[in-house]
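We name chains A, B, ... by the order of the sequence lines, and we start the count at 1 in each one.
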Amino acid sequence: MAHPQTSCVLPSAFFERPVLTVAQELLGKHLLKQTLEGIRGGMITEVEAYDGVQDKACHAHKGLTPRTRVMFGPAGHWYVYLCYGMYWMLNIVTGEEGYPAAVLIRGVGDWNGPGKLTRALHIDRKLNGAVATVQSGLWIEDRGTIIPPSHIKRTPRIGVAYAKEWAEKPYRFVLMSQE
DNA sequence: ACGATGATGAAC
DNA sequence: TTCATCATCGTA
């Protein structure tokens with residue numbers, strides 16, 4: 001049997017698609033960070049989609065501001081912001097340039113929760129606006145894992161009750177654990 | 001159930 | 001310049 005498929009760094013074209021498509025397909029991919037101790041990371045297990053100015057839960061709902069500028073830019077760049085004064089949230093920009101959308105990475109490997117994984121991987125504002133490449137030190141790889149649609153659970157997003165009807169949309173994707 | 005903790009955007 | 005709000009988490 002042939003050697004298992006080699007790792008492939010996701011190219012920007014992967015992210016230049018509708019945010020719901022990208023969010024779903026990010027499950028099973030590997031988030032990797034270059035640290036002083038070497039390359040660390042794990043499989044992406046939970047994500048949320050934030051979709052344009054019409055999405056009341058999306059920061060870009062307020063329009064183009066200094067904070068949301070990265071989301072209006074080209075796909076494949078990191079959008080990192082501080083939440084509740086303590087936790088860094090990691091997002092990857094998707095879709096066409098000028099259309100503000102991004103995927104929030106909420107679960108990686110054994111880290112459950114968006115603030116825990118950024119703390120573990122030392123991800124902070126220095127990566128805001130950077131491109132997801134090996135050179136930038138934070139990237140995503142396809143290691144050949146196939147995720148059947150039946151292993152993906154869709155639910156409303158977490159912590160966005162203020163978004164009214166948009167809070168109910170099933171924009172959260174969770175990889176169900178398998179034995 | 002609640003406090004830590006600071007950036008953000010809007011109001012004044 | 002002040003204010004309410006906030007895509008969270010650990011402790012109680």
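- For A/Tyr87, whose side chain is taken as the heavy atoms from C-beta onward, the closest listed nucleotide among B/dA10, C/dT8, B/dA7 is C/dT8.
- Partner assigned to C/dG10 is B/dC2, using Watson-Crick or G-U wobble distances below 3.5 angstrom.
- Judged purely by atom type and a 3.5 angstrom limit, A/Thr118 has no side-chain atom pairing as donor or acceptor with the backbone of A/Ile123.
- Listed for the A/Asp55 side chain is no donor-acceptor partner under 3.5 Å among the backbone atoms of A/Tyr50.
- Distance, A/Leu82 CG to B/dT8 P: 8 Å, rounded to whole Å.
- Within the model, atoms CG of A/Leu26 and CD1 of A/Ile44 stand 5.0 Å from one another, a figure rounded to the nearest 0.5 Å.
- Contacts of A/Arg67 with the nucleic acid, taken as non-hydrogen atoms under 4.0 Å apart, involve only primed sugar atoms and P, OP1 or OP2.
- Within the 3.5 Å criterion, the main-chain N or O of A/Trp88 finds no donor-acceptor partner in the side chain of A/Arg125.
- In this structure, A/Arg119 atom CZ and C/dT8 atom P are separated by 14 Å, rounded to whole Å.
- Rounded to a whole Å, the CZ atom of A/Arg125 is 8 Å from the C1' atom of B/dA7.
- Atom pair A/Trp111:CH2 and C/dC9:C1' shows a separation of 17 Å (rounding to whole Å applied).
- The nearest whole Å value for the distance from the CG atom in A/Asn128 to the P atom in B/dA7 is 14 Å.
- With a 3.5 Å ceiling on both atom-pair distances, the Watson-Crick or G-U wobble partner of C/dT1 is B/dA11.
- One finds a side-chain N or O of A/His59 lying less than 4.0 angstrom from the OP1 or OP2 phosphate oxygen of C/dA7.
- Among the heavy atoms of the strands, none lies under 4.0 Å from A/Arg172.
- Stacking of the aromatic ring of A/Tyr50 onto the base of C/dA7 is found: the ring centres lie under 5.5 Å apart and the planes are inclined by under 30°.
- When the P atom of B/dT5 is taken as reference, atom OH of A/Tyr81 falls 20 Å away, rounded to whole Å.
- Both thresholds, 5.5 Å between centres and 30° between ring planes, are met by A/Tyr84 relative to the base of C/dT8, so the two rings are stacked.
- Rounded to whole Å, the distance from OH on A/Tyr162 to P on C/dC6 is 7 Å.
- Taking atom CG of residue A/Leu90 and atom C1' of nucleotide C/dA7, one finds them 12 Å apart after rounding to whole Å.
- One finds the CD atom of A/Glu48 at 4.5 Å from the CZ atom of A/Arg106 (value rounded to the nearest 0.5 Å).
- Here A/Met86 lies in heavy-atom contact (under 4.0 Å) with a base.
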